[in-house]
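All values below come from the heavy atoms of this structure, side chains included, with hydrogens, waters and symmetry mates left out.
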Amino acid sequence: MQQIPGTSLICTSFMQKKKRTTRRAVLMKTTCFLSLVTFSLQAQTLLPTHYCGACSTCLSTQKYKVAAASGHTVVLVDQSDEILKKSTKGIEESLKRVTKKKFADKPEAGVEFIEKTLKNLTTSTDAVAVVHSTDLVIEAIVENQEIKNELFKRLDKFAPEHTIFASNTSSLQITQLANSTTRQDRFGGLHFFNPVPMMKLVEVIKTPMTSQKTFESLVDFSKAVGKSPVSCKDTPGFIVNRLLVPYMMEAVRLFERGDASKEDIDVAMKLGAGYPMGPFELLDYVGLDTSKYIIDGWHSLEPNNPLFAPSPLLNKLVEEKKLGKKTGEGFYKYN
């Protein structure tokens, strides 16, 4: 994350990491409930820009909270002042929870930390105005190939030539997104995990066209915000979701066949495998619509792969709008 509007040497300065400078970030949401965040480090790092869908707003908000808390200047951009106020309030409340634990013995230091972090946050409703000064753009909108491509294509026209584009997608191919722009060598993946302040992992995805300089910059950026990056080629689901989604789908098939109840499957994986959540609890937490979209996309790429076979039960629940915790009912019911 960096702040250096107007500077075209951010990537180089980022690699040097010698000068301590102001950092800047921006987030924006569009009428499609997309949000854009841009981070920039003056003469030190790259400036990311994040977009996220309504279902991912929490994830995106946490991202720029982490950026601001680590000393970066963050500009939150959205389609309306109402959404901006809600997002800002959410950040402030989250900061209060963090400082209550982090500065339990030094409440004055906690207040100072919150004040400094919030000073790094500003808001805007003009995406183009902030993109022209970015060094790194990180997209995190709804998992829809067409919408993502349109967004990247538009931003590509206004972002500086040196700007790196990255996607936070969890299921789509980075290469296809990169092909919607003219900067395939300056395009990669940065997949954060929810809740961002707690989860240390970031998957850094390198396509066949991603330059080594771009890849190294994305790794360094991840470390700059306190994360532990791992690298992966542009394969469906990358590392975590490539293993996790088929596991959850196999649990659904086990239940569909009547081999075990969903409750017993969840208990078995928690007590037998040491998982914090069972597969059905996790599916409800992630969102059944999100899981269906991912598996449908992978199935279209590899229709003969049994790991990616669709689930009639999952399809039925999504059709009935039983999407999990966010709607009050999925595989389980919630108050």
inquiry  = Has Asp156 got a side-chain atom pairing as donor or acceptor with Thr182's backbone, closer than 3.5 angstrom?
reply    = yes
key: Pairs flagged by ring-ring contact (aromatic ring centres under 6.0 Å, His included) wherever residues 312-334 is involved - sequence neighbours left out   = Phe280-Phe331
query = Taking C-beta and beyond as the side chain, do Lys270 and Glu281 meet within less than 4.5 Å on heavy atoms?
reply = yes
query = Do Asp284 and Lys333 meet the salt-bridge criterion of a basic N to acidic O distance under 4.0 Å?
reply = no
Lys325, NZ atom: more than 12 neighbouring heavy atoms under 6.0 Å = no
request  = Establish, from distance only, whether the side-chain atoms of Ser217 and Thr214 form a donor-acceptor pair under 3.5 Å.
outcome  = no
note = Note: Ser291 and Val286 closest approach over all heavy atoms is OG-CG1, 4.0 Å
message = Just so I know, are the side chains of Thr327 and Lys321 near enough to count as touching, which here means a heavy-atom distance under 4.5 Å?
response = no
Cluster overlap Tyr275 with Leu254, hydrophobic side-chain contacts below 4.5 Å = yes
Exercise: do Thr169 and Glu143 side chains pair donor with acceptor under 3.5 Å = yes
request  = Keeping the roles fixed (side chain from Trp298, backbone from Leu172), state whether a donor-acceptor pair exists under 3.5 Å.
outcome  = no
request  = Please report the C-alpha distance between Phe193 and His191 in whole Å, then the side-chain angles of each, then the deciding distance to 0.1 Å, and finally whether the side-chain contact (heavy atoms from CB on, under 4.5 Å) criterion is met.
outcome  = CA-CA 7 Å; Phe193 290 81; His191 183 216; 3.5 Å; yes
ask   = Does the side chain of Gln173 reach to within under 4.5 Å of the side chain of Asn179, using non-hydrogen atoms?
value = no
key: Close side-chain approach of Ser167 to Leu190, heavy-atom, < 4.5 Å   = no
request  = Supply the atom-to-atom distance Asn120 CG to Glu115 CD, rounded to the nearest 0.5 angstrom.
outcome  = 12.5 Å
ask   = Below 4.5 Å, heavy atoms only, C-beta onward: do Asp135 and Ile164 meet side chain to side chain?
value = no
remark   = dist Asn149:CG -> Ser180:OG (nearest 0.5 Å) comes out at 4.0 Å
task = Check the hydrophobic clustering (I, L, V, M, F, W, Y; side-chain heavy atoms under 4.5 Å; chains of links allowed) and say if Tyr293 and Leu151 are grouped together.
result = no
request  = With rounding to the nearest 0.5 Å, note down the distance linking OG1 in Thr125 to CG in Leu84.
outcome  = 7.5 Å
message = Holding to side chain to side chain contact (heavy atoms under 4.5 Å, CB included), I want the full list of residues that pass it with Pro310, two or more places apart in sequence or in another chain.
response = Asp296, His299, Asn315
Electrostatic pair Lys86-Glu82, nearest N-O below 4.0 angstrom = no
ask   = Does any non-hydrogen side-chain atom of Lys148 lie less than 4.5 Å from one of Leu177?
value = yes
message = To the closest 0.5 Å, what do you measure between NZ (Lys292) and CD (Glu319)?
response = 9.0 Å
task = Report yes or no: is the cationic atom of Lys206 (NZ for Lys, CZ for Arg) under 6.0 Å from the centre of the six-membered ring of Phe215, at an angle within 45° of the ring normal?
result = yes
task = Measure from the side-chain N and O atoms of Ser222 to the backbone N and O of Leu218, and report whether any donor-acceptor pair falls under 3.5 Å.
result = yes
ask   = Using a side-chain heavy atom cutoff under 4.5 Å and only I, L, V, M, F, W and Y, what cluster partners does Leu243 have?
value = none
request  = Please check if the side chain of Glu203 supplies one atom and the backbone of Ser231 the other of a donor-acceptor pair under 3.5 Å.
outcome  = no
side-chain hydrogen bond (donor to acceptor under 3.5 Å, both in side chains) contacts in which one or both residues fall within residues 232-254, not counting sequence neighbours = Thr175-Asp234, Thr235-Arg242, Glu250-Arg253
task = Is it possible for you to say whether Val111 and Leu118 belong to one hydrophobic cluster, with membership spreading through side-chain heavy-atom contacts below 4.5 Å?
result = no
query = Can you name the closest pair of heavy atoms from Ile265 and Ala251 and give their distance?
reply = CD1-O, 3.7 Å
task = Nearest 0.5 Å please: distance from the CE atom of Met249 over to the CG atom of Leu283.
result = 8.0 Å
query = Do Phe238 and Ile174 come close enough that some side-chain heavy atom pair is under 4.5 Å?
reply = yes
request  = Verify side-chain contact (heavy atoms from CB on, under 4.5 Å) between Arg183 and Thr163, making sure each step is shown before the conclusion.
outcome  = CA-CA 9 Å; Arg183 59 186 80 216; Thr163 301; 3.4 Å; yes
request  = Determine yes or no for a side-chain-to-main-chain donor-acceptor pair under 3.5 angstrom, with Ser94 supplying the side chain and Gly90 the backbone.
outcome  = no
message = Could you measure the distance from the CD1 atom of Ile205 to the CG atom of Asn168? Nearest 0.5 Å is fine.
response = 10.5 Å
ask   = Which heavy atom of Pro236 sits nearest a heavy atom of Leu301, and at what distance?
value = CG-CD1, 4.2 Å
key: Donor-acceptor contact below 3.5 Å, side chain Thr210 vs main chain Phe187   = yes
Show me the side-chain donor-acceptor pairs of residues 100-108 shorter than 3.5 Å, one per line, residues at least two apart or across chains.
none

ask   = For the side chain of Thr99 and the backbone of Leu95, is there at least one donor-acceptor N/O pair under 3.5 Å apart?
value = yes
ask   = Hey, is CD on Glu161 packed in by over 12 heavy atoms from elsewhere, all under 6.0 Å?
value = no
inquiry  = Testing the basics here: between Ala166 and Phe152, what is the closest heavy-atom pair and its distance to 0.1 Å?
reply    = O-CZ, 3.7 Å
inquiry  = For Thr207 and Gln184: C-alpha separation, side-chain torsions, deciding distance, then whether side-chain hydrogen bond (donor to acceptor under 3.5 Å, both in side chains) applies.
reply    = CA-CA 9 Å; Thr207 76; Gln184 288 92 337; over 6 Å; no
inquiry  = When you measure from the centre of the six-membered ring of Phe165, is the NZ or CZ of Arg186 closer than 6.0 Å and no more than 45° off the axis?
reply    = no
query = Any donor and acceptor pair, going by atom type alone, linking the side chain of Lys227 with main-chain N or O of Met199 inside 3.5 Å?
reply = yes
Joint hydrophobic cluster, Met269 plus Val267, side-chain heavy atoms closer than 4.5 Å = no
inquiry  = Using the side chain to side chain contact (heavy atoms under 4.5 Å, CB included) definition, which of the options Thr290, Leu288, Leu313 pairs with Val318?
reply    = Leu288
query = side chain to side chain contact (heavy atoms under 4.5 Å, CB included) with Thr123: which of Asp81, Ile83, Thr88?
reply = Thr88
request  = Can you sort out the partners of Glu146 under side chain to side chain contact (heavy atoms under 4.5 Å, CB included), two or more places apart, ordered by chain and number?
outcome  = Asn144, Glu150
ask   = Are any non-hydrogen side-chain atoms of Val204 and Val230 less than 4.5 angstrom apart?
value = no
